[in-house]
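Right, one structure below, let's go through it.
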Number of protein chains: 2
Amino acid sequence: MKLLEVIKSLSNQTRLDILTWLKDPFAYFAAEELDDYKPSLGVCVSDIAKKAKMSIPTVSVYLKNMAAADLLVATRKDQWTYYKRNEAAIQQLASLIKDSL
Amino acid sequence: MKLLEVIKSLSNQTRLDILTWLKDPFAYFAAEELDDYKPSLGVCVSDIAKKAKMSIPTVSVYLKNMAAADLLVATRKDQWTYYKRNEAAIQQLASLIKDSL
DNA sequence: TAGGTATTTAGGTAAATGCCTAAATTTGTG
DNA sequence: CACAAATTTAGGCATTTACCTAAATACCTA
């Protein structure tokens with residue numbers, strides 16, 4: 001785990017929020033958008049952009065960045081890209097801070 | 001704890017390094033500089049700047065910033081400002097990431 | 001008060017980040 | 001293939017961050 005890369009990818013309020021939203025999609029996204037929500041896939045880019053009230057390209061890049069830092073996992077299915085949290089990486093970050101920072 | 005503020009203050013390699021150095025000063029600073037090292041105070045600004053190979057003003061601002069984020073504790077004594085880690089805050093950050101992020 | 005050491009504050013430039021719109025690409029469908 | 005929907009890539013402007021040097025301040029001691 002590249003600590004600096006991970007931390008940088010968390011150093012923005014919107015990106016922190018996205019992690020929170022993806023932790024419990026039903027609590028944060030409109031029901032219509034979760035009609036066929038699958039935990040194994042996550043939520044697609046445009047739904048996240050809508051929730052963030054930001055442009056799709058901006059959010060697309062954020063998500064890609066967070067996936068590169070391994071905080072999210074991307075799955076392309078048909079024309080959608082779904083993102084979900086990488087819980088193991090988040091726990092690994094917590095341990096790294098706890099024990100090695 | 002203001003998560004974003006804390007994370008921003010960690011999103012720079014030098015600032016991460018400083019935390020590591022202060023975790024075990026004897027392992028990282030020259031012995032001469034630790035002649036009268038006291039764990040309750042920490043290490044002074046110019047010794048940290050020297051170790052970082054950066055200008056004193058730059059490091060002074062970094063340290064102040066990290067203290068504002070509560071990651072470090074500053075103590076002014078005579079003409080020196082000493083900084084040490086705030087272990088409790090670092091552990092709090094780890095738990096926050098583990099349980100709430 | 002004068003002079004010295006340590007630190008902080010100011011001010012400036014270069015690079016990185018935040019976010020947007022427009023254009024290009026990917027993938028499904030008639 | 002042509003067209004639509006979702007996403008990504010490109011390009012651009014504004015703000016923030018990374019650093020520096022110079023100047024100001026704090027605090028010592030003679």
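Numbered from 1 within each chain, the chains take letters A, B, ... in sequence-line order.
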Consider the side chain of B:W80, meaning its heavy atoms from C-beta on, and name the nucleotide among D:dC19, D:dT8, C:dA6 that approaches it most closely. C:dA6
For B:D17, the side-chain hydrogen bond (donor to acceptor under 3.5 Å, both in side chains) test, sequence neighbours excluded, returns B:Q13
Rounded to whole angstroms, how far apart are CZ on B:R15 and P on D:dT17? 9 Å
Which residues, if any, of residues 57-73 of chain A bring a heavy atom under 4.0 Å of DNA chain D? A:P57, A:S60, A:V61, A:K64
Below 4.0 Å: OP1/OP2 of C:dT8 and any side-chain N or O of B:T81: yes
A:W80, A:L34: one ILVMFWY side-chain cluster at the under-4.5 Å cut-off? no
Need the bend value for the helix from C:dT1-D:dA30 to C:dG30-D:dC1: angle between end axes, 5 pairs each end, nearest 10°. 20°
Close N or O pairs between protein and nucleotides 25-30 of chain D (under 3.5 Å):
residue, atom, partner, partner atom, Å
D:dC28, OP1, B:D78, OD1, 3.2

Answer yes or no: does a side-chain N or O of B:N12 lie under 4.0 Å from OP1 or OP2 of D:dT17? no
Using ring centroids (six-membered ring only for Trp), state whether A:F29 and A:Y37 fall under 6.0 Å. no
Enumerate the residue pairs fulfilling side chain to side chain donor-acceptor pair (under 3.5 Å) with a member in residues 50-61 of chain A, sequence neighbours excluded, ordered by first and then second residue. A:E33-A:K50, A:S55-A:T58
Base, sugar-phosphate or nothing for A:S55? Non-hydrogen atoms, less than 4.0 Å. base
Report all side-chain donor-acceptor pairs from residues 61-69 of chain A shorter than 3.5 Å, counting only partners two or more places apart or in another chain.
residue, atom, partner, partner atom, Å
A:Y62, OH, A:N12, ND2, 3.3

